**Student:** 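Structure below; questions to follow.
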Amino acid sequence: MIHGGVALHGEVEISGAKNAAVAIIPAALLVDGVCRIENIPQISDTDMLLTILAELGAKVSFINPSTIEIDCTNVRYQDAPYDLMRKIRASYYLIGSMLGRFGAAKTTMPGGCNFGVRPIDMHIKGMTAMGAEVNVKNGFVYAEAAGGRLRGARVYLDKVSVGATMNIMMAATLAQGRTIIENAAREPHIVDLANFLNSMGADVRGAGTDTIKINGVDRLHGGSYTIIPDQIEAGTYMLAAAATGGEVLVKNVIPKHLECISAKLRETGTIIQEYEDSVLVKGASTLRRVNVKTLPYPGFPTDMQPQMGTLLCLAEGTSVITEGIYDNRFKYVNELRKMGAEIQVDGRIAIIEGGKRLTGALVQACDLRAGAAMIIAGMCAAGVTVVEDIHYIERGYENFVGKLKSLGADISIVNFPDEPEELEKILAIS
Ligand code: UD1
């Protein structure tokens with residue numbers, strides 16, 4: 001529940017990157033030894049993956065809340081736990097890591113946020129090129145490497161895919177010979193996974209460019225690794241500061257990773273000052289309209305699109321957002337409309353008539369980033385906003401409510417009122 005109208009002020013510390021952590025945890029399965037991983041974000045997606053690894057027989061110990069040790073030395077092949085796998089998107093990385101380690105994998109098709117069809121055909125194309133037979137049947141994925149070990153291969157990705165790039169990279173690490181991934185994704189978490197694997201003895205080169213070369217090795221050894229800061233978490237606080245007209249120092253970030261977000265924010269009139277490992281965001285008194293198209297990195301991230309859509313409801317004039325990655329990532333628009341936003345959606349394009357005052361309402365977190373967008377909307381709206389289904393937000397933002405509170409937001413987690421009259425009373429407060 002949010003009482004809107006408070007500008008955010010202060011400093012916020014960014015956690016480790018979710019999309020790096022959800023790949024690095026399954027990649028620990030490739031390691032014959034103890035991996036110490038620091039800066040793990042405390043979110044439900046990482047909890048889920050650690051539980052999956054533990055069910056597979058890994059020893060998982062918390063050294064402190066954000067540092068873990070994973071020992072997969074004695075893990076033996078078994079089917080991945082189906083009930084947990086289907087709840088989370090990143091479970092697809094178990095296909096690559098199990099195939100790499102055991103030469104076989106049986107998993108379910110991944111779950112996760114629903115923004116349209118999210119196939120894994122390119123992951124499968126890569127594994128198949130490396131000599132695996134992969135079948136998808138009744139929602140299960142069956143994969144088996146011919147002769148028990150994958151072979152290096154050249155894989156061209158028809159579409160730039162973060163998941164396929166990382167999954168093929170993992171599978172190739174212990175394959176026999178050299179794998180080349182062409183048209184690879186270049187997101188910061190791709191480089192992070194490559195750095196993690198290399199620090200455990202892998203030979204991965206070119207991560208961060210569109211061609212990645214992996215020379216397979218026989219064994220990975222234990223080691224220590226620190227995950228990069230979360231680009232999207234940082235971007236979300238930057239937009240929250242800009243949208244509320246506040247001033248926030250976003251700490252523990254890599255400013256280079258945020259350039260695609262900073263550039264667009266500057267166009268809105270927001271002031272951004274970059275320091276070595278932090279950025280200061282000063283909201284403008286009037287936000288200007290901008291057009292945004294989401295693209296693979298270094299373009300504007302699709303995972304920042306709903307938050308940007310919310311900010312642009314407040315900007316003067318008409319803004320256009322083009323979603324370049326997913327078919328169906330504008331579901332949150334219906335929720336914003338309940339708060340008074342004027343947005344037309346046509347396929348992958350949203351036209352936002354800005355300069356509207358948002359008003360509090362009961363809205364839903366349709367998915368992880370849409371949920372963050374609703375919270376930003378609530379903080380900017382007049383009156384009270386209640387955001388339902390915050391379990392989506394807990395999948396990817398560490399202590400979101402606590403961090404926003406420390407920046408002055410009037411926000412708290414409440415139980416959903418039992419009676420409609422009670423809810424009406426809450427929403428009527430202004
Ligand atoms: C990852 C991120 C997600 C982010 C997305 C794009 C994780 C766990 N999730 O998702 O937060 O929004 O990158 O930055 O890291 N595609 C295919 N076939 C495939 C794979 C993908 O057609 O085999 C399509 C997808 O439907 C989508 C596009 O390619 O249209 C990009 O998807 P991809 O980069 O693979 O996203 P995810 O790995 O699912």
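Counting convention: from 1, in listed order, for ligands and their atoms alike. Here the structure is a predicted model, which is why all the values come from computation and not from measurement.
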**Student:** What distance separates L193 CG from N167 CG, expressed to the nearest 0.5 Å?
**Tutor:** 9.5 Å

**Student:** If you round to the nearest 0.5 Å, how far is CG of L220 from SG of C72?
**Tutor:** 11.0 Å

**Student:** Check the pair D327 / R348 against salt bridge (charged side-chain N to carboxylate O under 4.0 Å, His left out), numbers first and verdict last.
**Tutor:** CA-CA 6 Å; D327 287 333; R348 286 180 166 213; 2.8 Å; yes

**Student:** Heavy-atom distances under 4.0 Å decide this one: backbone, side chain, both or neither, for M166 against ligand 1?
**Tutor:** neither

**Student:** With heavy atoms under 4.0 Å as the rule, classify the contact between M304 and ligand 1 as side chain, backbone, both or neither.
**Tutor:** neither

**Student:** Residues two or more places apart in sequence or in another chain: which of them pass side-chain hydrogen bond (donor to acceptor under 3.5 Å, both in side chains) with Y225?
**Tutor:** D192

**Student:** Select the closest option to atom 20 (C) of ligand 1 among A21, P119, A164, judged by heavy-atom distance.
**Tutor:** P119

**Student:** Could you pull out all residues at least two apart from F416 that satisfy ring pair (Phe, Tyr, Trp, His ring centres under 6.0 Å)?
**Tutor:** none

**Student:** Under 3.5 Å, N or O to N or O, is Y326 touching ligand 1 that way?
**Tutor:** yes

**Student:** Taking both backbone and side-chain atoms of A90, is any N or O found less than 3.5 Å from an N or O belonging to ligand 1?
**Tutor:** no

**Student:** If you measure every N or O of M122 against every N or O of ligand 1, does any of those distances drop under 3.5 Å?
**Tutor:** yes

**Student:** Could you tell me whether R89 and ligand 1 have an N or O pair separated by under 3.5 Å?
**Tutor:** yes

**Student:** Backbone, side chain, both or neither: what part of D327 comes under 4.0 angstrom of ligand 1, heavy atoms only?
**Tutor:** neither

**Student:** Is the closest heavy-atom distance from Y92 to ligand 1 below 4.0 Å?
**Tutor:** yes

